[in-house]
Amino acid sequence: MKHLRFEEFTSFETYIFDCDGVIWGICEEDTKTSVATVNYLLRLNKRVMFVTNNSNKTRAQFVQQLESKGVNFGNRSQEQKLSMMISASYTTAAFLQDSGLHRPFIITSDTGVLEECRMLGITDYFATITDDGKPAPLFQKLDMGSAADVIKQNPNVDSIVVGWDMQLTALKVGTAVNYIKWHEDLHASEPGYKEMPLIACSGDTGGVLGKTTHLGKELKLRAIGNGAMADIIARSFDPPKVWVDMGKPSDALLLLLRSPHAYNVDLNKALMVGDTLQTDIVFGNRGGMNTLLVLTGVTSQLELDEELRANGPGLRRPSYVLPKLGSFVDSGHIARGDKV
Ligand SMILES: [Mg+2]
């Protein structure tokens, strides 16, 4: 790993920032210096993008969240701001639309992915929450046997989408498993049969909800990731099913970034900044980007050290590491509270 000099940090054409653990979901002071750094790059007229594996909110809501933290988009239009933000809620909805899947069963506890679906004309979904974000009445019962009633009342599902569900239950998992299995049992012998696709909004094994103190030591509070939730369904089959990943580090997302018809990013001139080896750093390295790991989120210094010792060079090795995105504010290279 190379030491990242300030001149080098500012030499890239495009900057792709992860959000959770880099810009927010970290202490307030770190958010301030992260935002000052982003604003500094915007002032240099660098291309700045935000790519989050979070599917809980819409792109518009994430843009609003960035603005509320102090990111200054200058006089960009709403459309231009949206084009700087890629969220798993959006990539999932776009994938469904491209694939002609219009009747997904969506497991989620937040409305982001539902709203993005509606904006792309996918309105015939069946979800574990109502459109206003309340738990769907059908899933109030907790016994797995209710899956039969749930499916019989909503028979026209063509795909399974797994978002982040804070109220994931065996009934929801069982409903997804039986949708896939019944589809197979009923239709596998028909010509042109295709398996019901299992789509994960992201493949994260985990996340970080914050910090707490236990037995005198400061510890990170870990969260179950979207990928781990999709794995519960996938591993209910033998052999396990394979889910399609809509987030980092998927090929689908790299193609979208690279494509002249979509984002048209020259990845060789881009810096991917993230807090997670498994998603952000692997994504950047697979795409031929330079990668910067910041230690304010999921991956700790200890985990990084172990990774480097165990595996040496590889997709999980970042080009650079900084304690946090705001490190160049702390070093005096970038002024605090820098505005565009
Ligand atoms: Mg993150």
Side-chain angles (χ1 to χ4, degrees), residues 14 16-20 47 49-59 62 82-108 112-122 125 158-164 176 180 194-205 207 225-231 233-234 240-268 270-274 276-289 291 315-316:
T14 302
I16 301 177
F17 294 105
D18 172 48
C19 296
D20 284 282
R47 184 167 183 192
M49 296 183 73
F50 305 91
V51 179
T52 175
N53 274 2
N54 192 325
S55 58
N56 293 348
K57 294 181 185 172
T58 60
R59 285 187 301 164
F62 284 123
L82 289 181
S83 72
M84 296 164 72
M85 180 85 230
I86 303 178
S87 61
S89 50
Y90 171 71
T91 53
T92 301
F95 176 82
L96 290 169
Q97 191 196 41
D98 283 351
S99 312
L101 298 166
H102 295 293
R103 301 185 308 275
F105 169 49
I106 304 178
I107 297 177
T108 179
V113 67
L114 306 186
E115 289 177 54
E116 290 288 1
C117 279
R118 286 202 299 276
M119 277 188 264
L120 292 181
I122 299 164
Y125 51 77
D158 61 10
S159 49
I160 309 292
V161 170
V162 189
W164 207 49
I180 295 170
K194 281 197 185 117
E195 270 190 12
M196 186 177 283
L198 177 60
I199 299 154
C201 292
S202 83
D204 296 55
T205 54
N226 197 146
M229 293 183 179
D231 272 342
I233 297 169
K241 295 283 179 203
V242 176
W243 37 260
V244 192
D245 185 4
M246 294 293 106
K248 296 165 285 183
S250 72
D251 281 337
L253 200 46
L254 281 175
L255 279 172
L256 199 66
L257 279 178
R258 232 187 241 128
S259 166
H261 307 293
Y263 292 93
N264 200 20
V265 177
D266 184 348
L267 297 180
N268 294 319
L271 180 68
M272 173 72 219
V273 184
T276 308
L277 292 180
Q278 179 216 356
T279 53
D280 306 314
I281 303 306
V282 171
F283 180 66
N285 285 334
R286 290 186 67 220
M289 296 181 241
T291 50
L315 288 176
R316 290 166 64 96

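From a predicted model like this one, the values you see are computed outputs, not experimental measurements. The figures that follow rest on heavy atoms only: side chains count, while hydrogens, waters and symmetry mates do not.
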What pair of heavy atoms forms the shortest contact from [X] to [Y], and how long is it?
{"X": "Phe50", "Y": "Cys19", "result": "CB-SG, 4.0 Å"}
{"X": "Leu257", "Y": "Met49", "result": "CD2-CE, 3.8 Å"}
{"X": "Arg59", "Y": "Met85", "result": "CD-O, 3.0 Å"}
{"X": "Asp245", "Y": "Cys201", "result": "OD1-O, 4.4 Å"}
{"X": "Val282", "Y": "Arg316", "result": "CG2-CG, 3.5 Å"}
{"X": "Gln278", "Y": "Asp204", "result": "OE1-CA, 3.9 Å"}

Enter the distance from [X]:[atom1] to [Y]:[atom2] here, rounded to the nearest 0.5 Å.
{"X": "Phe95", "Y": "Ile122", "atom1": "CZ", "atom2": "CD1", "value": "10.5 Å"}
{"X": "Arg286", "Y": "Ser250", "atom1": "CZ", "atom2": "OG", "value": "7.5 Å"}
{"X": "Glu116", "Y": "Ser87", "atom1": "CD", "atom2": "OG", "value": "5.0 Å"}
{"X": "Thr52", "Y": "Lys57", "atom1": "OG1", "atom2": "NZ", "value": "10.0 Å"}
{"X": "Asp251", "Y": "Arg258", "atom1": "CG", "atom2": "CZ", "value": "8.5 Å"}
{"X": "Thr205", "Y": "Asn226", "atom1": "OG1", "atom2": "CG", "value": "11.0 Å"}

Would you say Ser55's side chain and Val113's backbone share a donor-acceptor pair under 3.5 angstrom? no

Determine whether [X] and [Y] make a side-chain contact, defined as any pair of heavy atoms from C-beta on separated by less than 4.5 Å.
{"X": "Asp266", "Y": "Thr14", "value": "no"}
{"X": "Met229", "Y": "Ile107", "value": "no"}
{"X": "Pro197", "Y": "Leu101", "value": "yes"}
{"X": "Trp164", "Y": "Asn54", "value": "no"}
{"X": "Leu267", "Y": "Leu254", "value": "yes"}
{"X": "Thr291", "Y": "Phe283", "value": "no"}
{"X": "Thr92", "Y": "Ile106", "value": "no"}
{"X": "Leu253", "Y": "Lys248", "value": "yes"}

Apply side chain to side chain contact (heavy atoms under 4.5 Å, CB included) to Leu96 and Ile199, showing your working. CA-CA 9 Å; Leu96 290 169; Ile199 299 154; 3.8 Å; yes

One pair to check against side chain to side chain contact (heavy atoms under 4.5 Å, CB included): Asp280 and Met272. What are the steps and the verdict? CA-CA 7 Å; Asp280 306 314; Met272 173 72 219; 3.9 Å; yes

Take Ile233 and Lys241 through the side chain to side chain contact (heavy atoms under 4.5 Å, CB included) test and state the conclusion after the steps. CA-CA 8 Å; Ile233 297 169; Lys241 295 283 179 203; over 6 Å; no

Starting from the C-alpha separation in whole Å, work towards a yes-or-no answer on side chain to side chain contact (heavy atoms under 4.5 Å, CB included) for Leu198 and Met196. CA-CA 7 Å; Leu198 177 60; Met196 186 177 283; over 6 Å; no

